[in-house]
Structure formats: structure tokens, C-alpha cells
Amino acid sequence: MTYNELKEQENQYVMNTYGRFAIALDHGDGAQLWDVEGKRYIDLTSGIGVCCLGYNNQKIIDAITEQAHKLMHVSNLFTTEPMVQVAKTLVEQTGMGKVFFSNSGAESNEGMIKLARKYSYDKYGEGRAEIVTLYNSFHGRTVTTLKATGQDKFHQYFFPFTEGFAYAKANDMESVKAAVNEHTCAIMMELIQGEGGVMPLDPAFVKEVEAYCREHDLLLLIDEVQTGIGRTGSLFCFQQYGIQPDVVSMAKGLGGGVPIGAVMASKTCETVLGPGTHATTFGGTPMICAAANAVLSEVTKPEFLQSVNEKGEYFKQKLLAMDSGKIQDVRGMGLMVGIVVDPEQRAALVAEIMDKGVLVLTAGTNVIRLLPPLSISYAEIDEALAVMQSVFCK
């Protein structure tokens with residue numbers, strides 16, 4: 001079908017909940033995508049950070065195919081090897097305790113919130129269930145994770161929201177202390193606020209929050225849905241901040257293109273969620289975990305993570321070197337890069353970049369966000385940079 005034919009049917013049959021770009025994608029290879037009419041793109045989005053090893057990755061395809069011939073799915077009333085192996089790798093790579101499997105980032109954050117509240121209930125009883133999150137954060141689109149998100153624009157329409165959240169300013173320890181009270185059980189943060197504008201938190205602030213949590217027996221919850229699985233140049237971003245969270249959520253890149261999420265608890269709270277306290281039908285299903293094992297076999301390699309850091313720095317330095325009045329700043333870690341531009345110019349810049357064959361994302365009000373496949377080649381990076389230079393420097 002042509003784009004127009006597909007769009008006509010989409011308008012007829014699909015709920016209009018997304019502001020989609022005027023592109024219908026058909027197939028991909030590596031960090032390149034083609035639309036239904038044959039136009040080729042360099043992809044700097046990787047499905048919003050999901051396809052971390054690119055498209056048509058043979059290792060992931062083989063893992064899924066082999067497992068599909070054995071078992072696609074069984075319920076969590078039974079044990080399967082792929083699920084156990086993913087958990088084993090995650091725990092051994094981080095020094096954490098145990099893992100619960102879900103299907104998405106929002107689900108993972110829901111599970112993390114439930115774990116924190118039960119930890120506090122088990123230890124202190126009722127009335128200590130509030131969680132402090134940061135302004136400008138984003139934690140998901142369920143009724144609970146929308147309320148956990150520290151942006152008023154998301155607190156609309158779906159009343160009543162789940163209560164029990166307070167908000168503090170990022171990089172402001174006094175604001176955090178002011179938000180904590182006798183009802184607080186945890187502090188929840190993204191180390192880089194992705195949807196909020198690719199805003200890395202200050203390391204000194206993060207260490208202060210960790211120490212404060214230890215002093216007051218608050219669980220430290222780290223949302224690594226976007227920053228995890230090699231995206232920032234380490235398996236998890238918290239490893240670069242030198243902290244040890246109590247609970248970490250993840251999703252996106254873990255499956256390399258298939259839906260999976262997880263909640264990973266440290267030994268301080270690994271037994272909080274017992275039988276019957278949390279569950280999901282599809283979590284940890286064998287075929288999806290086979291894909292996750294294929295991803296982890298690559299992104300845990302030190303040389304792979306080093307290449308992510310090097311490519312990210314290459315991106316940033318090349319962007320900063322462009323003789324352009326349109327680029328105000330470049331920030332981020334690894335291959336999570338934010339280009340700060342004039343908010344009034346952003347839409348036009350994005351449209352022109354994409355029209356010239358490079359797919360990009362946005363974040364916050366004034367950021368063009370880059371989340372390319374971690375396996376992107378330097379030739380593909382250079383091709384994308386040449387397009388961006390032609391747009392930013394004209």
C-alpha cells in the first residue's frame with residue numbers, strides 16, 4: 001500500500017491517540033529504515049530506544065526463532081530457562097538481588113511503586129506510602145504512573161488519579177527534604193530526565209539523595225526505562241553515578257524490539273513481593289526472554305559499552321562544532337543525546353531533518369532527542385550529521 005492508502009485505513013480503524021509523523025515504515029536493517037514507498041532513512045530513534053541493536057539483527061532473530069519452536073509462552077506457574085537466565089545476568093552484572101518481569105516501562109514502574117509501598121507497610125504499617133518524584137520527570141501513562149510523573153500537563157482528564165505522590169526540584173536537596181514527611185516511603189528518580197528534555201541529574205545531588213534515603217529508611221527507586229541496557233554507556237546509568245539503588249525499573253532496550261520490562265530489587269528488599277502480591281500473564285515469557293538474553297550477551301561486553309560512549313562523544317563534539325546559531329547546547333550521556341534549540345524553531349527543524357532522510361525525536365519543549373541504535377556505524381553517524389549540518393547551518 002502507499003502511505004495515503006495506509007493512512008486512510010488507519011484513520012478508519014485505529015484510535016487517534018498519537019501525533020504520528022507522515023511516514024509509514026516498512027522494513028529496516030542496522031540503523032537504516034525504509035518506508036512503504038522505498039525512501040531510505042538513517043534512524044536516530046530506535047523505536048524510542050527499544051531497538052538497541054538495530055533492525056534485522058540476526059542474533060535476536062535466531063534466538064526468537066529457536067525458542068518459538070520450543071515454547072513461545074507458558075504461564076508463570078512454571079519455571080523456564082530463558083527467564084531465569086535473564087534474571088541471572090542482570091543480577092550478576094549489577095550486584096542487585098532479584099528480578100520481577102513485566103511487559104513495559106509503565107508496568108515496571110507500577111511494580112516498583114507497589115514494592116516500595118509494601119516494604120514500608122510490612123515494616124511500619126499503614127500511613128507511610130507516599131513517594132517523592134521530581135518535577136519534569138516522566139514515569140508512564142497508567143493512572144498511577146501519570147500521577148508519579150512530575151508534570152502538571154499529564155494530570156488531566158483521568159480523574160481520580162492514584163494519590164500518594166509529592167514532587168521536588170531536581171538538583172535541589174532542600175526541595176527534596178521539604179517534600180519528605182512522616183508519610184514518605186521512597187524517592188523515585190530518572191538519572192537523566194528523558195521525556196523532560198534529556199536532562200542529566202547532578203551527580204552530587206544524586207549521592208545526597210542516596211545518603212538521605214539511607215538515613216531515613218526510604219527506598220531509592222531509579223527509573224532506568226530509557227537509560228538502561230547500555231544506552232548511556234554502562235549497562236545501567238546508576239553504575240556511572242556510583243550509587244546502589246534499592247529498586248531499578250527497566251524496559252525498552254531489554255528486548256531489542258520485543259516488549260519486556262523488569263523490576264530489579266536489591267538485597268534490602270528482594271523478598272518484599274511474595275506469592276500473590278504481584279503478577280502478570282506475559283511477564284518473563286520464554287520467547288521474549290530469549291530475545292533479552294541475546295541483547296544482554298552483546299550489551300554487557302565492556303568493548304561494546306566503550307563503543308557507545310565513544311559514539312556518543314563523537315555525536316556531541318561534531319554537533320557542538322557546527323557553525324550554527326540554531327544549536328544552543330548538546331547534552332546527555334552515551335547515545336542518549338539532546339540538542340537544545342529555540343522552541344519556536346524546533347518543529348520546522350525536525351520536519352526538515354526528517355524530510356532529508358534522518359529520523360529524530362523530540363523531548364521537553366526545546367530539545368531534539370537522538371536515541372540511535374547502539375550498534376549504529378560511524379558511516380551512518382556521519383551521514384546523519386551531514387544532514388543535520390545542512391539544516392542547522394544554512
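Contacts classified as salt bridge (charged side-chain N to carboxylate O under 4.0 Å, His left out) and involving residues 318-331 (residues at least two apart or in different chains) are not found. Under the ring pair (Phe, Tyr, Trp, His ring centres under 6.0 Å) criterion, the residue pairs touching residues 217-261 are Phe236-Phe238, with sequence neighbours excluded. Sequence neighbours left out, the pairs with a member in residues 240-268 that pass salt bridge (charged side-chain N to carboxylate O under 4.0 Å, His left out) are Arg214-Asp246.
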- Task: Could you go through the side chain to side chain contact (heavy atoms under 4.5 Å, CB included) check for Leu44 and Ile376 one step at a time?
- Result: CA-CA 9 Å; Leu44 303 185; Ile376 190 171; 3.8 Å; yes
- Message: Is there a side chain to side chain contact (heavy atoms under 4.5 Å, CB included) between Phe100 and Leu115? Walk through the geometry before answering.
- Response: CA-CA 10 Å; Phe100 172 89; Leu115 189 156; over 6 Å; no
- Message: Could you go through Ser266 and Gln244, starting from their C-alpha distance and side-chain angles, then the distance that decides it, and tell me whether this counts as side-chain hydrogen bond (donor to acceptor under 3.5 Å, both in side chains)?
- Response: CA-CA 8 Å; Ser266 72; Gln244 191 62 40; over 6 Å; no
- Message: Please evaluate residues Ser307 and Glu310 with respect to the criterion side-chain hydrogen bond (donor to acceptor under 3.5 Å, both in side chains), reporting the C-alpha separation (whole Å), side-chain torsions for both, the decisive distance (0.1 Å), and the verdict.
- Response: CA-CA 5 Å; Ser307 76; Glu310 290 171 352; over 6 Å; no
- Item | Step-by-step side-chain hydrogen bond (donor to acceptor under 3.5 Å, both in side chains) determination, Gln32 to Arg40 | CA-CA 7 Å; Gln32 300 176 51; Arg40 172 181 165 275; 2.6 Å; yes
List, one per line, each side-chain donor-acceptor pair under 3.5 Å for residues 62-71, sequence neighbours excluded.
unit_1: Asp62; atom_1: OD1; unit_2: Gln58; atom_2: NE2; d: 2.8
unit_1: Thr65; atom_1: OG1; unit_2: Ile61; atom_2: O; d: 2.8
unit_1: Gln67; atom_1: NE2; unit_2: Leu71; atom_2: O; d: 3.0

For residues 82-91, run the donor-acceptor check on the side chains, cut-off 3.5 Å, and write out each pair with its distance to 0.1 Å, sequence neighbours left out.
unit_1: Gln85; atom_1: NE2; unit_2: Thr89; atom_2: OG1; d: 3.3
unit_1: Lys88; atom_1: NZ; unit_2: Glu92; atom_2: OE1; d: 3.4
unit_1: Lys88; atom_1: NZ; unit_2: Glu92; atom_2: OE2; d: 3.1
unit_1: Thr89; atom_1: OG1; unit_2: Gln85; atom_2: O; d: 3.0

Which pairs of donor and acceptor atoms, one on a side chain in residues 18-25, lie under 3.5 Å apart (sequence neighbours left out)?
unit_1: Arg20; atom_1: NE; unit_2: Glu10; atom_2: OE2; d: 2.2
unit_1: Arg20; atom_1: NH2; unit_2: Glu10; atom_2: OE2; d: 3.2

Could you tabulate the donor-acceptor pairs under 3.5 Å formed by side-chain atoms of residues 346-364, not counting sequence neighbours?
unit_1: Arg346; atom_1: NH1; unit_2: Ala363; atom_2: O; d: 2.9
unit_1: Arg346; atom_1: NH1; unit_2: Gly364; atom_2: O; d: 3.2
unit_1: Arg346; atom_1: NH1; unit_2: Val367; atom_2: O; d: 3.0
unit_1: Arg346; atom_1: NH2; unit_2: Gly364; atom_2: O; d: 3.4
unit_1: Glu352; atom_1: OE1; unit_2: Lys394; atom_2: NZ; d: 3.1
unit_1: Glu352; atom_1: OE2; unit_2: Lys394; atom_2: NZ; d: 2.9
unit_1: Lys356; atom_1: NZ; unit_2: Ser390; atom_2: OG; d: 3.3

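Checked against salt bridge (charged side-chain N to carboxylate O under 4.0 Å, His left out), Arg141 has no partners two or more places apart in sequence or in another chain. By the salt bridge (charged side-chain N to carboxylate O under 4.0 Å, His left out) test, Glu174 is found to be paired with Lys177, residues two or more places apart in sequence or in another chain being considered. Among residues two or more places apart in sequence or in another chain, the ring pair (Phe, Tyr, Trp, His ring centres under 6.0 Å) test is passed with Tyr3 by none. Qualifying salt bridge (charged side-chain N to carboxylate O under 4.0 Å, His left out) partners for Lys59, counting only residues two or more places apart in sequence or in other chains: Glu298. Remark: Glu270 pairs with no residue by the side chain to side chain donor-acceptor pair (under 3.5 Å) rule, at least two apart or across chains.
Remark: the backbone N or O of Gly233 is paired with a side-chain donor or acceptor of Asn309 at under 3.5 angstrom. Between the side chain of Glu195 and the main chain of Ser137, no donor-acceptor pair closer than 3.5 Å is present. The closest donor-acceptor contact from the side chain of Thr133 to the backbone of Thr149 lies at 3.5 Å or more, if one exists at all. Counting only distance, with no hydrogens or angles, the side chain of Ser108 and the backbone of Met250 share a donor-acceptor pair below 3.5 Å. With hydrogens and angles disregarded, no donor-acceptor distance shorter than 3.5 Å links the side chain of Glu37 to the backbone of Thr2. Judged by distance alone, the side chain of Gln240 and the main-chain N or O of Thr232 form a donor-acceptor pair under 3.5 Å. For the pair Asp43 (side chain) and Leu33 (backbone), a donor-acceptor distance under 3.5 Å is absent. Asp26 places no side-chain N or O within donor-acceptor distance of the main-chain N or O of Gly38, the cut-off being under 3.5 Å.
The two atoms that bring Val225 and Gly105 nearest to each other are CG2-CA, 3.6 Å, heavy atoms only. The nearest pair of heavy atoms linking Cys393 to Met322 is SG-CB, 3.8 Å. Annotation for Val99 and Ala262: closest pair CG1-CB, 3.9 Å, computed over non-hydrogen atoms. Minimum interatomic distance between Ala148 and Ile113 (heavy atoms only, all atoms of both residues): CB-CD1, 4.3 Å. Counting all heavy atoms, side chain and backbone alike, Gly54 lies closest to Asn57 at O-CB, 4.3 Å.
In this pair, Tyr378 and Tyr314 present their aromatic rings perpendicular. The plane angle is above 60°, beyond the 30 to 60° band.
Remark: Arg117 is positioned above the aromatic ring of Phe165, its terminal NZ or CZ atom under 6.0 angstrom from the ring centre and at most 45 degrees off the axis.
Glu8 CD: 12 or fewer foreign heavy atoms inside a 6.0 Å radius. In Gln156, the CD atom is crowded: over 12 heavy atoms of neighbouring residues, nucleotides or ligands sit closer than 6.0 Å. For Glu81, the CD atom sits in a loose shell: 12 or fewer heavy atoms of surrounding residues, nucleotides or ligands are nearer than 6.0 Å.
Taken to the nearest 0.5 Å, the CZ atom of Phe282 stands 13.5 Å off from the CD1 atom of Ile260. With rounding to the nearest 0.5 angstrom, the CD atom of Glu208 is 10.0 Å from the CG atom of Asn171.
The six-membered or imidazole ring of Phe161 lies near that of Phe159, with a centre-to-centre distance under 6.0 Å.
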